[in-house]
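Written out below as structure tokens is the structure these notes cover.
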Amino acid sequence: MPELPEVEVVRAGLAPAVTGALVTGVTVFDERSLRRHGAPGADFVGRLVGRTFAAPERRGKFIWIPIGDGEAVVVHLGMSGQVLLRPLGAEIDRLTRIRIDIHHPELGALRIDFVDQRIFGSMAIDELVAAVDVPGDLVPTQVEHIARDPMDPRFDDALFFAKLAKRNTGVKRALLDQTLISGVGNIYADEALWASRVHYDQPTASLSRPRAKTLLAEVRLVLGKALAEGGTSFDAQYLNVNGESGYFSHSLNAYGQQGEPCPRCGRPIVREQFMNRGSHFCPYCQRVRGAR
DNA sequence: CCGGACTCCTGGTTGC
DNA sequence: TGCAACCAGGAGTCCG
């Protein structure tokens, strides 16, 4: 699951190569990767060829590259998406779903390969609209409902705490709710909860303010650390635009560590099914606190 | 508002 | 050795 750090690594890697580049050709190998585009592949190709990319932007796990005329190419990696930057003549991966040929004024001809095994990811051309909170900021309509991520300077901590207190749900569910806080997925949710000693099903409304602050701080810490290390690569699926993997898997404390000793107390980490996915935590360090 | 179930999907792994 | 069942889960939708 590429989460904020992996997606940001992709955005940052894309930036120098695509900004100012002209789209010279587009090939759609699998139309299913255009699910969010809402029109056939020919429409996608026709509207993209001849356009010039501006600097790629990101919110949460969404990347978009403005192409002028109030439009942008929106990219979501889903579960298994990769965006690879390659020389024009490089070999094409079998799982490449979309290929975009570009010409950069300084770097020359390049190719962007959208590779996606599970096809939960997508590309789409979308209209840019004013952001709800800061009208000067433009976001694709598909991203309008996505909250700012905790690394965004405009992320509003007080607003987040207030919303959290009003929610009547478990804290992990809230962390994964992209309309409340974006960019966090299953891995970093488990890691941040472990670091702040909070149980995944702790009711949000019962979280004390100091605990909520600790949790948000740990979310930022774990995202920042992963970012510095180039993103997680625990199953080698997550690559930067150059096809290189990150190193964060070496420092996971809870995610995927079931049966291993908790790095804090030594008792075994447990994996439970929650929200149709695995939740990894230390049953000793992370207990539901404060009955009601 | 909330949560659960379901959908999209395929390749690596597991199990017989 | 071969094959089938199983598992991974981001995000949207629908329903009770």
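Keep in mind that this is a model prediction, so the values were computed, not measured. Numbers restart at 1 for each chain; the letters A, B, ... are given by sequence-line order, proteins then strands.
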Item to complete: Classify the angle between the aromatic ring planes of A:Phe160 and A:Phe155 as parallel (below 30°), tilted (30 to 60°) or perpendicular (above 60°).
Response: tilted
Discussion item. For a quick check of understanding: with a heavy-atom distance under 4.0 Å over all strands, which category does A:Gly121 fall into, base, sugar-phosphate or nothing?
Written reply: nothing
Worksheet item: Is the number of heavy atoms from other residues, nucleotides or ligands within 6.0 Å of CD (A:Gln273) greater than 12?
Response: yes
Fill in: Nearest-nucleotide pick for A:Gln117, side chain only, options being C:dA11, B:dG11, C:dG9
B:dG11
Tabulate protein N/O versus nucleotide N/O from nucleotides 6-8 of chain B, keeping only pairs under 3.5 Å, one per line.
unit_1: B:dC8; atom_1: O3'; unit_2: A:Arg35; atom_2: NH2; d: 3.4

Worksheet item: Considering the terminal five base pairs at each end of the helix from B:dC2-C:dG16 to B:dC16-C:dG2, what angle separates the two local helix axes, rounded to 10°?
Response: 50°
Worksheet item: Are any of A:Arg36's side-chain N or O atoms less than 4.0 Å away from OP1 or OP2 of C:dA11?
Response: no
Discussion item. With a 4.0 Å cutoff (strictly under), does any side-chain N or O of A:Arg167 reach OP1 or OP2 of B:dC1?
Written reply: no
Practice prompt. Under 4.5 Å between side-chain heavy atoms, chaining through other members, with only Ile, Leu, Val, Met, Phe, Trp and Tyr counted: pull out the rest of the cluster around A:Ile269, sorted by chain and number.
Written response: A:Trp194
Worksheet item: Is any side-chain N or O of A:His145 closer than 4.0 Å to OP1 or OP2 of C:dG12?
Response: yes
Discussion item. Check this one for me: any side-chain N or O of A:Ser80 less than 4.0 Å away from OP1 or OP2 of C:dG9?
Written reply: no
Worksheet item: Does A:Asp126 come within less than 4.0 Å of A:Arg36, counting only side-chain N to carboxylate O?
Response: no
